[in-house]
Trainee: 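I have a structure I would like to understand better, so I am pasting it below and will then ask my questions one at a time.
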Amino acid sequence: MGIIACYMESDISIVNELKKLSGEDCFEYVDELEESETLELFDMDKMWDALHFFMTTDVSISSKEKDLLSKSIYGSCIIEDDMGILSYITLEELSLIVKELDNFDVQKTLENFDPKILEQQEIYPDIWLTEDKEELKNEIIAAYFGLKEFYHHMVTKKKMVVISIYG
């Protein structure tokens, strides 16, 4: 299956419930919510690390504390990180992230897309030299636009977002 990223509509009650849980219980609760089909989701699948790298030129998650583009991938408030990443973004911060995403030019950034860079930087997943270059580029672009559209919708609905990245 691999490590995938899922972005889920949330509110303060879901976040508070997650804060009461720990370890595997957090991820099981998120899985239950995702499977309930009552909340909107954006499933980025495995493109999260590549999109983060191209938006921030950083391979570490340490930049997330200061960079809104990094927070768009990893979230801003970590709930759990022992088994993967489980975090959330408040509505206030989500509004700032949306503005930053609107100003980011993914097409220009990926103009000279070279999968070898992803391979050299050990960006997840390990597919960069075995898959079609244009297809990979298009998947990263689709992940960007999908995330941006989802975040815009959450701001319109005045919702928070819970982010889960694990496999």
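Since this is a predicted model, take the numbers as computed values, not measurements. Below, all heavy atoms of this structure are taken into account, side chains as well, without hydrogens, waters or symmetry copies.
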Trainee: Could you tell me whether F104 and Y144 have their ring centroids closer than 6.0 angstrom?
Mentor: yes
Trainee: Do L18 and L41 share a hydrophobic cluster, counting only Ile, Leu, Val, Met, Phe, Trp and Tyr and linking them when any side-chain heavy atoms are less than 4.5 Å apart?
Mentor: yes
Trainee: Any chance you could lay out the salt bridge (charged side-chain N to carboxylate O under 4.0 Å, His left out) test for E111 and K108, step after step, and finish with the verdict?
Mentor: CA-CA 5 Å; E111 233 171 32; K108 184 176 181 187; over 6 Å; no
Trainee: Could you tell me whether a side-chain N or O of K133 sits under 3.5 Å from a main-chain N or O of F113, the two making a donor and an acceptor?
Mentor: yes
Trainee: Does the distance from a Lys or Arg side-chain N to an Asp or Glu carboxylate O, for K116 and E119, drop under 4.0 Å?
Mentor: no
Trainee: Measure from the side-chain N and O atoms of Y7 to the backbone N and O of I73, and report whether any donor-acceptor pair falls under 3.5 Å.
Mentor: yes
Trainee: Should C6 and I163 be marked as a side chain to side chain contact (heavy atoms under 4.5 Å, CB included) after you check the CA-CA gap, both sets of side-chain angles, and the distance that decides it?
Mentor: CA-CA 6 Å; C6 187; I163 300 168; over 6 Å; no
Trainee: Would a hydrophobic clustering, with Ile, Leu, Val, Met, Phe, Trp and Tyr connected at side-chain separations under 4.5 Å, put I12 with Y29?
Mentor: yes
Trainee: Report yes if some heavy atom in the side chain of M44 is under 4.5 Å from a heavy atom in the side chain of L147; otherwise report no.
Mentor: yes
Trainee: Under a plain distance cut-off of 3.5 Å, with no hydrogens placed, do E80 and S87 share a side-chain donor-acceptor pair?
Mentor: no
Trainee: Is a donor from one side chain sitting under 3.5 angstrom from an acceptor on the other, for Y166 and D31?
Mentor: yes
Trainee: Is the closest side-chain donor-acceptor distance between K159 and Y151 under 3.5 Å?
Mentor: no
Trainee: Are E40 and K157 within salt-bridge range, i.e. N to O under 4.0 Å?
Mentor: yes
